[in-house]
Amino acid sequence: MSPSPPAPAVLLSALQQFEPQPDLLRGRVIAITGAGDGIGRALARACAAHGAEVILIGRTVKKLEAVHADIAALRGGQASIAPLDLEKALARDYDQLADALKQRYGRLDGLVHNAGILGTLAPIEHYDVPTWCRVLHVNLTAAFALTQVLLPSLRASPDASIVFTSSGQGRRADAFWGAYAVSKFGIEGLSQVLAEELESGGTVRVNTLNPGAVRTRMRRQAFPAEDLSTLVAPEAVLTPYLWLLSAASRGVSGQRLNCQAGQPVPPP
């Protein structure tokens with residue numbers, strides 16, 4: 001019989017007391033989607049700064065190259081670039097990425113799904129169907145497909161972690177958030193199903209994180225009149241990601257966590 005998962009209060013206490021050490025992720029291989037912008041970019045740099053070898057997955061090679069240069073400037077920083085357009089990628093593109101990763105590293109210790117698109121804010125009655133399909137594909141189906149092809153490499157690690165970036169809209173949706181909210185509810189469901197399926201193996205844990213309101217390009221797109229100076233920078237929400245990607249969170253799986261204090265704690 002598997003042990004009961006930690007209570008939300010216990011997890012919150014562990015996160016509040018957690019202080020990432022410089023070598024927290026040393027020796028770990030971590031892949032991050034959406035690594036060219038916002039939270040993905042900040043997280044890639046932070047993981048490398050804490051000793052991880054980072055695989056930068058994204059659509060725009062120029063942005064990935066800029067992040068790669070930032071990491072190369074760090075003492076001991078290591079990264080590789082894996083271009084992948086989640087909207088247009090075919091099965092062979094996923095397979096090629098998985099094969100290249102397996103051949104170079106032999107395993108994967110962390111996978112962070114951070115890439116996503118907003119779509120439009122509109123009532124369901126008038127929502128553009130092609131846009132709906134595009135958002136669901138990029139935000140949900142692509143995350144499923146990439147996870148599926150990378151599971152063999154994750155299983156090859158003695159301690160692997162999958163982190164899905166969720167949203168408050170994926171836990172309590174508001175009107176007009178349409179496909180984005182539905183895709184994030186899907187991410188929460190995918191994470192729960194996968195955590196249950198991998199529970200017996202014990203070496204791959206799966207969790208979701210809600211970053212909250214962060215100063216990013218997507219936030220500006222959703223709230224164009226908002227004063228971005230009132231929001232935290234991406235670097236301010238990274239500690240829970242680092243905790244979940246490190247050995248400090250070993251045994252924590254199937255959880256829905258928040259990055260910022262004051263966010264509603266989702267029920268187990």
Side-chain angles (χ1 to χ4, degrees), residues 3 5-35 38-57 67 70-71 74-80 101 105-114 146-147 150-151 153-166 191 194-195 198-199 201-212 214 232-261 263:
V10 174
L11 293 174
L12 181 60
S13 176
L15 266 173
Q16 290 173 339
Q17 297 176 34
F18 179 66
E19 295 184 5
Q21 298 302 306
D23 62 349
L24 176 73
L25 302 175
R26 186 160 307 282
R28 292 187 177 246
V29 179
I30 297 173
I32 302 171
T33 71
I39 294 173
R41 175 179 182 139
L43 181 60
R45 296 174 63 178
C47 287
H50 286 283
E53 186 152 356
V54 185
I55 302 164
L56 308 171
I57 302 175
V67 181
D70 289 343
I71 291 174
L74 299 171
R75 179 176 295 180
Q78 297 186 59
S80 60
L101 187 154
Y105 301 103
R107 73 182 195 285
L108 185 61
D109 304 300
L111 172 61
V112 181
H113 290 285
N114 183 70
L146 186 60
T147 300
L150 292 180
L151 269 177
S153 291
L154 288 158
R155 290 182 185 275
S157 168
D159 177 39
S161 175
I162 302 173
V163 181
F164 291 95
T165 298
S166 184
S191 177
L194 189 58
L198 297 176
E199 182 180 19
T203 62
V204 183
R205 55 192 189 276
V206 187
N207 298 279
T208 65
L209 277 176
N210 171 20
V214 181
V232 300
E235 290 76 10
V237 299
L238 300 183
T239 297
Y241 283 94
L242 296 175
W243 182 70
L244 285 176
L245 290 169
S246 74
S249 63
R250 185 172 293 176
V252 176
S253 190
Q255 300 297 312
R256 301 187 291 162
L257 305 174
N258 296 320
C259 290
Q260 298 188 49
Q263 293 175 303

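The minimum heavy-atom distance linking Ala44 with Val54 is given by the pair O-CG2, 3.7 Å. Residues Ala233 and Val214 come closest through the heavy atom pair C-CG1, 3.9 Å. Taking each heavy atom of Glu235 and Ala42 in turn, the nearest pair found is OE2-CB, 3.7 Å. Residue Cys259 comes nearest to Pro240 through the heavy atom pair CA-CG, 3.8 Å, listed as atom of the first residue, atom of the second, then distance.
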Q: Under the side chain to side chain contact (heavy atoms under 4.5 Å, CB included) rule, what do Val206 and Leu194 come out as? Steps first, then yes or no, please.
A: CA-CA 7 Å; Val206 187; Leu194 189 58; 4.0 Å; yes
Q: For side chain to side chain contact (heavy atoms under 4.5 Å, CB included), just list the numbers for Leu108 and Ile55, CA-CA rounded to whole Å, side-chain angles, deciding distance to a tenth of an Å, and then say yes or no.
A: CA-CA 10 Å; Leu108 185 61; Ile55 302 164; 4.2 Å; yes
Q: Show the numbers, then the answer: is there a side chain to side chain contact (heavy atoms under 4.5 Å, CB included) between Val204 and Ile162?
A: CA-CA 7 Å; Val204 183; Ile162 302 173; 3.9 Å; yes
Q.
Show, in sequence, the C-alpha distance, side-chain angles and deciding distance for Leu209 and Asn258, and conclude whether the side chain to side chain contact (heavy atoms under 4.5 Å, CB included) test is met.
A. CA-CA 5 Å; Leu209 277 176; Asn258 296 320; over 6 Å; no
Please tabulate, for the side chains in residues 45-53, all donor-acceptor contacts under 3.5 angstrom to protein atoms that are two or more places apart in sequence or on a different chain.
{"unit_1": "His50", "atom_1": "ND1", "unit_2": "Gln21", "atom_2": "O", "d": "2.8"}

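A search for side chain to side chain donor-acceptor pair (under 3.5 Å) contacts involving Ser157 returns Asp109, not counting sequence neighbours. Shown here are the salt bridge (Lys or Arg N to Asp or Glu O under 4.0 Å) partners of Arg155, two or more places apart in sequence or in another chain: there are none. Residues passing the side chain to side chain donor-acceptor pair (under 3.5 Å) test with Ser246, sequence neighbours excluded: none. Residues satisfying the ring pair (Phe, Tyr, Trp, His ring centres under 6.0 Å) test with Tyr241, not counting sequence neighbours, are none. Evaluation of the salt bridge (Lys or Arg N to Asp or Glu O under 4.0 Å) rule for Arg26 yields no partner, not counting sequence neighbours.
Separation of atoms CG (Asn210) and OG (Ser166) is listed at 6.0 Å; rounding is to 0.5 Å. Separating the CD1 atom in Ile39 from the CG atom in Asn114 is a distance of 5.5 Å, to the nearest 0.5 Å. Between the CG atom in Leu101 and the CG atom in Leu150 there is a gap of 6.0 Å [rounded to 0.5 Å]. Taking CD1 of Ile32 as the start and CG of Leu43 as the end, the distance is 4.0 Å to the nearest 0.5 Å. Put simply, CG on Leu56 and CZ on Arg41 are 10.0 Å apart, with the number rounded to the nearest 0.5 Å. Separation of atoms CG (Asp159) and CZ (Arg250) is listed at 4.0 Å; rounding is to 0.5 Å.
Looking only at distances, a side-chain donor or acceptor of Ser161 sits under 3.5 Å from a matching main-chain atom of Leu244. Within the 3.5 Å criterion, the main-chain N or O of Trp243 finds a donor-acceptor partner in the side chain of Ser249. Gln260 contributes a side-chain N or O that, together with a main-chain N or O of Pro211, makes up a donor-acceptor pair within less than 3.5 Å.
Put simply, the side chain of Asn207 reaches to within 4.5 Å of the side chain of Val252, judged on heavy atoms. For the pair Ile30/Leu111, no side-chain contact is recorded, criterion being any heavy-atom separation below 4.5 Å from C-beta on.
Using a 3.5 Å distance cut-off with no hydrogens or angles, the side chains of His113 and Thr165 do not pair a donor with an acceptor.
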